[in-house]
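Taking it in order: structure first as structure tokens, then the write-up.
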Amino acid sequence: MALFQKRTHNCGSLRTEDSGEKVILNGWVATVRDLGGLFFIDLRDRYGITQLFIHPEDSPALVERARQLKSEFVIWASGTVCMRENPNPKIPTGLIEILLEDFDIINRSELPPFEIINDITTAEDLRLKYRYLDLRRPDLQKNFIMRNLVYQVTHNYFAENDFLEIETPVMMKSTPEGARDFLVPSRINKGRFYALPQSPQIFKQILMVAGFDRYMQIVKCFRDEDLRSDRQFEFTQIDIEMSFIEREDIFSLIEGFFVRLWKETLGIEVEAPFLQMSYNEAMTRYGSDKPDLRFGLEINTITDLVSNSEFKVFSDIVQSKGEVALINAKGCAGYSRKQLDELTEFAKKYGAKGLAWIKFSGGVVNSPISKFLSESEIEKIMKAAGCEEGDLLLISSDTWHRCYTILGAVRLEIARRTGILEQVKNQYSFLWVTDFPLLEYDAESGRFIAMHHPFTSPVDEDIPLMDTAPEKVRAKAYDIVLNGSEVGGGSIRIHRGDIQKRMFELLGFTPEDADAKFGFLLDALKYGAPPHGGIALGLDRITMLLLGTDNIRDVIAFPKTTSGLSLMDGSPSYVDEAQLKELGIGIIKNE
RNA sequence: GGGGUCGUAGCUCAGUUUGGUUAGAGCGCCAGUCUGUCACACUGGAGGCCGCGAGUUCGAGUCUCGUCGGCCCCGCCA
């Protein structure tokens, strides 16, 4: 006697045209409904749910055995496909049922800690501990079916465009720039470490030097930084690199990819080419380097209007080269003191000292700062903001970056509160953000750091500025943004050794430093490096956007919590002294 | 590193403001009734380390301190 009767069909495949057929199903018992004179079992697998039916009068022994069935028991079941007396149009198999003739329990299940249903209310920590049960839910399974579709479309699209998938090492050299590395101790070479890749950046550039011309890889990357709802320290990139190309070649390639992906997953036609916007414009109009363009609510800069104001808060900021700007929250003049306080608290999270406001309602201006401003100043501000009856102006004054960042955050918060975000949720707005600064000054270390990474090429006409005004040099870097989410970023790389050396100088590396850290890349660039560039797309985030979820844990089968724990397997864990000794590692105990 | 918030039955939550008999509800579970259910319905029943540890008090789910864990955000991360 075999352990079980192997299925002839799955639980999602049978339809009316199979009526009369003898079938065997395997699956999990989802629910049992015992009506006394009628007995129903919902059998579930990855493909769907099929109803099994027993008529107790006809099969008293069978129903007696069936009464032992509990949720999540694994069974085989044989019977005949029949038309239902009362069809259920809500499920694909709802027109048929299986008249059960025989079955057996293949494996029992303990009572699960939560029900395996779609509309789950159970806290996430318990679901993560029993991830295998959570993953049994059709809702979550559909996410991984979507994720798999993303893999397939990606491989097909890039293969058709002559890309080669080449694997790069998971254990590599630690690099000082960018995110914190995860380190792997070397047993054979004690005291030395491998790093897990933050991205395969240098390897893919070296593949270009090697002449592979078009490389792609769906690859895990690792960054030892704090986690968020849209960030895990282990994540997946669609990594791309090409030779003999310019920025626009990357753009059209990636636009073609997204058009194809949206078509094949959601059946939606996306318009290409995508909009492009410089970093500077994105910041000053939307207060973000990843603006959500599905709605307006743009920022208005009023620095020039208040540069000579009696109101010191504004004029002092202007004196110190800061900016004053505002958002017009249309129709929000009715906001209460409490709501305005909440908005101010919200702005403070982004470093604001405060948030000035002007209400215009019933033809009257109401503002805590109106007594510091002249009537003509208020008039000019309102005009610049396009302020109409019922509007609320929210004003930020700060350093350039902070002023716009605060308003960018306030812009999203207003969109959230007024329901604008809800209204646009089924729209997709792709955008290229371009012309990022090559460098940014890091006050903490007192030096420039690379905004993208140290291999990013400066814009050609800005190369002379590297010697005179490095902070003004623009990079051949670009991000792709979808609905306010950064879904990818890349650049045209430096392929000339002399410019790469100059870049390292600007970053404060001595030639010896640069050689010790990146000598192998500098060497490679000496041997006929082609012009090249690429991009990396965030596969997890793209999948999130396709599914409309804002939780990255919904698209990763075995995710970590926000404190970096895996609740199912209990990692990270302590290891034996012997294991540490073998690696030459000692633990410093904190008091 | 910092801020916010949550932790009470298997699950979701009420009770905490103002300390006071035996800590409640819904779902699930167990038993029974039921011939067309599909979140079956109905009747009955079992089920508690109030996250953990100290403290205050005659008395703590409730107050204080600490600690562990979840979620969200800032910093960090591209």
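First the proteins, then the strands, lettered A, B, ... as listed; each starts at 1.
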### Task
Round to the nearest Å and state the distance from A/Leu52 atom CG to B/U37 atom C1'.
13 Å
### Message
Strictly under 4.0 angstrom, non-hydrogen atoms only: write out the protein contact profile of nucleotides 23-34 of chain B, one letter per nucleotide from the 5' end, B, S or -.
### Response
----SSSS---B
Could you go through residues 46-57 of chain A and list every donor-acceptor pair under 3.5 Å that involves a side-chain atom there, pairing it with any protein atom two or more places apart or in another chain?
{"from": "A/Thr50", "atom 1": "OG1", "to": "A/Cys11", "atom 2": "O", "distance (Å)": "2.6"}
{"from": "A/Gln51", "atom 1": "OE1", "to": "A/Arg33", "atom 2": "NH2", "distance (Å)": "3.0"}
{"from": "A/Gln51", "atom 1": "NE2", "to": "A/Glu97", "atom 2": "OE1", "distance (Å)": "3.0"}

### Task
Rounded to the nearest angstrom, tell me the gap between atom CG in A/Asn551 and atom C1' in B/C71.
10 Å
### Task
Write down the distance between CG (A/Leu227) and C1' (B/G1), rounded to a whole number of angstrom.
15 Å
### Length of the CD-P vector between A/Gln232 and B/C71, whole Å
9 Å
### Task
To the nearest Å, give me how far apart CG (A/Asp181) and P (B/C77) are.
12 Å
### Query
Does NZ or CZ of A/Arg65 lie under 6.0 Å from the centre of the six-membered ring of A/Phe103, at an angle within 45° of the ring axis?
yes
### Message
Applying the Watson-Crick and G-U wobble criteria at under 3.5 Å, what pairs with B/A60? Answer none if nothing qualifies.
### Response
none
### Task
For A/Lys560 and B/G70, give me the distance from atom NZ to atom P, rounded to whole Å.
13 Å
### Message
Does A/Asp289 reach a base, just sugar-phosphate, or nothing at all? Heavy atoms under 4.0 Å.
### Response
base
### Query
Can A/Phe114 be said to stack with the base of B/C11, given centres closer than 5.5 angstrom and planes under 30 degrees apart?
no
### Message
Does atom OH (A/Tyr574) have a neighbourhood of more than 12 heavy atoms from anything else shown, all under 6.0 Å?
### Response
no
### Query
What do you reckon, are the aromatic ring centroids of A/Phe436 and A/Tyr478 less than 6.0 Å apart?
no
### Task
Please list, chain by chain and in numerical order, all residues satisfying side chain to side chain donor-acceptor pair (under 3.5 Å) with A/Trp432, sequence neighbours excluded.
A/Glu255
### Message
Under a 3.5 Å cut-off for both contacts, is B/A25 paired Watson-Crick or G-U wobble with anything, and if yes, with which nucleotide?
### Response
B/U12
### Task
Take the protein atom CG of A/Asp224 and the nucleotide atom P of B/G1, then report the distance between them rounded to whole Å.
12 Å
### Task
Mind calculating the distance between CZ (A/Arg44) and P (B/A39) to the nearest angstrom?
14 Å
